[in-house]
Amino acid sequence: MRRFCVAAFSAALLVCCSSPSRKDIPVYLDPSRSVEERVQDALPRLSTEEKVAMTHAQSKFSSPGVPRLGIPEVWCTDGPHGIRPEVLWDEWDQAGWTNDSCTAFPALSCLAATWDREMALLFGRGIGEEARYRKKDILLGPGVNICRTPLNGRNFEYMGEDPFLAGAMVTPYVQGVQENGVAACVKHFAVNNQETRRTATNSVVDDRTLYEIYLPAFRSAVQDGGAWAIMGSYNLYNGEFNCHNKRLLLDILKGEWSFDGVVVSDWGGARDDDQAITNGLDMEYGTWTNGLRGAPSDSYNNYHLARPYLERIRDGRVGTKELDDKAARILRLIFRTSMSAVPHYGSFNSPEHYDAARRIAAAGTVLLKNDGGLLPLNVPKGGRLLLVGENAVKKMVVGGGSSNLKTRYEITPLDALREALPDAQVVWERGYVGDTGSSYNKVDTGQDLSDPRSPEKLLSDALAAAKDADAVVFIGGLNKSANQDNEGTDRLDIRLPYGQDGLIEALAAEVPDLIVVNISGSPVAMPWEKSVKAIVQGWYGGSESGRALADVLTGAVNPSGRLPFTFPASLEDGPLKSERQYPGIKPEGEKWWQEYYDEGVFVGYRWYSSKGIPVQFPFGHGLSYTSFDYASASLSKKQIKAAGSYSVSDSALGREAVGATVRIANSGGRDGAEVVQLYVSAPSGGVERPVKELRGFEKVFVPAGQSRDVAISLPLRSFTRFDEASHSWVVDPGTYNVLVGSSSEDIRCSLSLEIK
């Protein structure tokens with residue numbers, strides 16, 4: 001009722017008063033006034049105690065408003081791909097509501113794999129509508145931390161290894177969420193790229209690497225998407241915890257980027273009274289009632305921005321300048337969300353949301369290999385399709401950490417394929433036993449996955465079942481248990497767990513046309529790749545995950561997903577070569593673990609292509625059931641005058657410098673979509689730079705036998721590097737190559753541009 005009471009009160013004032021009397025309405029309650037007018041009117045009405053109260057939590061997911069003035073509380077919710085079930089006031093366990101089962105959207109690694117801005121907008125709008133219906137003001141997502149290592153347990157919650165891709169996808173997501181009067185809280189700011197010792201590790205990274213790799217997606221969310229909230233990260237940078245890090249929050253976020261929203265701590269991420277006050281944190285929340293530790297139930301008053309803050313103000317140790325800034329930002333958030341001039345109502349579990357989840361999951365599914373056109377499936381009427389693997393039946397929405405969801409239903413691949421192929425016999429053999437757990441924070445899938453068979457018996461049963469099958473599909477991969485795709489732990493290796501590699505090899509020896517579906521949120525090694533005919537990369541697809549996968553396998557949807565990160569052949573091939581780089585070392589005398597980003601800007605495909613290291617499947621890779629030809633590529637200019645130094649906030653960096661155009665022809669027999677990718681290769685000599693860097697992309701639908709012209713803008717920023725000495729963006733003179741292709745390694749044509 002809290003939100004509707006405020007809205008009703010404001011509406012009653014406006015209805016009951018004649019037009020000339022509107023001047024009697026307090027400005028902050030008048031929705032016809034601008035947000036800034038309302039903030040400036042409300043701020044002096046607040047007492048110091050009320051301002052301090054607004055800056056810290058009062059429960060697991062809420063902070064106080066100002067009841068005296070009709071200003072409501074602020075309510076947050078996880079997570080990036082669904083609205084978390086209601087939890088107890090002081091605990092993570094669900095509260096036992098019966099009307100909080102959400103639509104589970106795909107994980108963000110799947111969204112990134114769509115390479116489709118329209119899908120990102122659809123995703124943001126859908127989840128924003130669900131958050132608004134549930135009366136949430138801040139959605140704690142999306143995440144845009146870069147996939148620095150495939151071992152990071154939260155890669156599935158992020159948008160891949162490339163800052164341009166992540167920035168392009170986060171922008172419409174943020175805009176879609178905020179259309180509903182819900183703040184998108186982009187996380188985790190910044191250089192937070194592992195779960196191992198995440199609360200005790202200092203990221204040591206140079207400025208060039210910081211600005212070129214780890215900040216751009218956040219900058220896009222703030223400056224292009226207009227994000228209203230940012231969440232700090234657990235780790236340290238420059239020796240300060242990131243939830244109150246002066247360099248990140250004051251100098252860069254609120255200074256260089258002019259961010260006018262709120263900085264929210266990760267739960268328990270604030271660690272110091274004075275830094276929490278002075279270094280840019282606005283709202284403090286906790287994992288238990290007192291940061292990272294259990295404590296008495298009144299301990300919200302002991303938060304760094306609670307009683308300790310008031311005491312410092314009262315005895316003169318700090319002034320109220322920072323407090324007024326924090327309170328103004330929180331008021332601005334409230335007037336943009338629950339007290340917005342535009343009413344928002346949202347919707348929940350609608351057919352449109354389930355349809356969107358299915359479309360996004362299918363659009364992100366990546367066809368990695370398809371020798372001989374084995375896919376789509378061709379099972380004869382009355383034929384037998386065998387599915388092998390635990391992930392054919394395991395529900396994946398529950399678990400994984402803060403992204404844990406409770407959904408009305410979750411369609412498994414087995415159920416979906418039976419639904420899609422009613423004239424065939426679709427049977428299942430387990431093949432291996434992985435994670436038999438079915439609950440997380442008292443949310444339960446209702447599945448019993450126990451199995452008494454030995455590994456040898458499971459294998460022999462699967463091989464026996466495969467002998468008379470018309471088609472065999474292995475559906476395995478990772479899950480959301482510890483040391484897999486899971487918050488709080490990193491993976492131990494990139495090999496598949498539970499002996500799946502051996503099982504796949506054994507199946508491939510018996511089944512020449514074996515199809516493998518890997519379901520994961522991060523890269524895995526595939527040592528059996530040459531032994532199988534077809535490979536599909538699936539993801540945690542949410543409520544409609546099984547149907548989306550079935551759509552692609554049966555050909556109802558022509559696959560168009562592309563990898564948002566590299567699939568290396570082995571972990572050893574990657575850029576992280578020492579314990580110093582990952583997971584970090586603790587030198588004598590240091591209080592915190594130190595993690596050195598010695599690889600610099602050479603992350604993901606930047607590393608593999610620059611070093612000439614072959615990979616299993618490259619960044620941007622993905623096949624289709626049709627084929628596309630590239631022709632008539634051109635640039636709008638072959639020469640520009642742009643070399644020089646530009647300030648970090650120079651608006652010229654965002655203006656178009658040159659346009660690229662290419663004609664895409666669908667030369668196959670099916671309608672389909674191609675992702676045209678533009679990479680820029682800088683002149684050789686001078687500062688070492690990657691061989692190529694993604695600087696543009698466009699997903700285009702082309703009917704069979706037709707062609708489309710695709711135009712992609714390259715702003716001046718596309719040709720820059722960051723110079724630490726001058727703290728500026730630099731455009732070096734020389735000849736740049738603009739590479740047009742279907743992946744980072746499948747370049748179809750090259751164009752040159754001279755920059756003077």
Taking atom types as modelled and ignoring hydrogens, do the side chains of [X] and [Y] form a donor-acceptor contact shorter than 3.5 angstrom?
X: N193; Y: R198; value: no
X: T196; Y: D490; value: yes
X: N152; Y: T149; value: no
X: S63; Y: Q58; value: no
X: Y409; Y: D415; value: no
X: H344; Y: Y133; value: no
X: D485; Y: S522; value: yes
X: Q537; Y: N518; value: yes

Does [X] reach the main-chain N or O of [Y] with its side chain, forming a donor-acceptor pair under 3.5 Å?
X: Q447; Y: K395; value: yes
X: N242; Y: Y237; value: yes
X: E544; Y: A361; value: no
X: K442; Y: A95; value: no
X: N391; Y: G476; value: yes
X: S347; Y: S350; value: no

inquiry  = Applying side chain to side chain contact (heavy atoms under 4.5 Å, CB included), can you list everything that pairs with A276, at least two apart in sequence or on another chain?
reply    =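 Residues passing side chain to side chain contact (heavy atoms under 4.5 Å, CB included) with A276: H244, L281, H304, L305.
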Salt-bridge contact [X]-[Y] (side-chain N to carboxylate O under 4.0 Å):
X: E487; Y: R154; value: yes
X: K136; Y: E130; value: no
X: R453; Y: E429; value: yes

- Query: Considering residues at least two apart in sequence or located in another chain, which fulfil the side-chain hydrogen bond (donor to acceptor under 3.5 Å, both in side chains) criterion with S438?
  - Reply: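 side-chain hydrogen bond (donor to acceptor under 3.5 Å, both in side chains) check on S438 returns D444.
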### Message
If the condition is side-chain hydrogen bond (donor to acceptor under 3.5 Å, both in side chains), which residues does S543 pass it with, not counting sequence neighbours?
### Response
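Per chain and number, S543 pairs via side-chain hydrogen bond (donor to acceptor under 3.5 Å, both in side chains) with T407.
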message: By the salt bridge (charged side-chain N to carboxylate O under 4.0 Å, His left out) test, which pairs, at least two apart or in different chains, include something from residues 97-110?
response: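 Applying salt bridge (charged side-chain N to carboxylate O under 4.0 Å, His left out) to every pair that reaches into residues 97-110, excluding sequence neighbours, yields D100-K406.
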Salt bridge (Lys or Arg N to Asp or Glu O under 4.0 Å) with [X]: which residues, sequence neighbours excluded?
X: R336; value: D260
X: E179; value: R125
X: D551; value: R358
X: E129; value: none

Does the side chain of Y498 reach to within under 4.5 Å of the side chain of N479, using non-hydrogen atoms?
->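 Yes; the side chains approach each other to less than 4.5 Å.
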Are the side chains of L111 and I360 in contact, using a 4.5 Å heavy-atom criterion?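 Contact flag for I360/L111 side chains = yes.
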### Query
Can a cation-pi geometry be assigned to K480 and Y540, taking NZ or CZ under 6.0 Å from the six-membered ring centre and within 45° of the ring axis?
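Yes, a cation-pi geometry.
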When you measure from the centre of the six-membered ring of W92, is the NZ or CZ of K60 under 6.0 Å away and within 45° of the axis?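 Pair K60/W92 counts as cation-pi.
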Ring centers of Y234, W267 separated by less than 6.0 Å: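 Ring centres of W267 and Y234 not closer than 6.0 Å.
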W89/Y300 aromatic ring centres below 6.0 Å: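 No: the rings miss the under 6.0 Å criterion.
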Show the numbers, then the answer: is there a salt bridge (Lys or Arg N to Asp or Glu O under 4.0 Å) between K187 and D266?
CA-CA 9 Å; K187 61 186 187 182; D266 204 341; over 6 Å; no
What pairs with [X] under ring pair (Phe, Tyr, Trp, His ring centres under 6.0 Å), at least two apart in sequence or on another chain?
X: F335; result: none
X: Y582; result: none
X: F218; result: F189
X: Y214; result: Y597

task: Would you sort out whether R134 and E86 count as a salt bridge (Lys or Arg N to Asp or Glu O under 4.0 Å), showing the intermediate values?
output: CA-CA 10 Å; R134 288 268 298 277; E86 298 298 331; 3.0 Å; yes
**Item:** Ring geometry between W592 and F241 (parallel below 30°, tilted from 30 to 60°, perpendicular above 60°)
**Value:**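 Perpendicular: the ring planes of F241 and W592 meet at over 60°.
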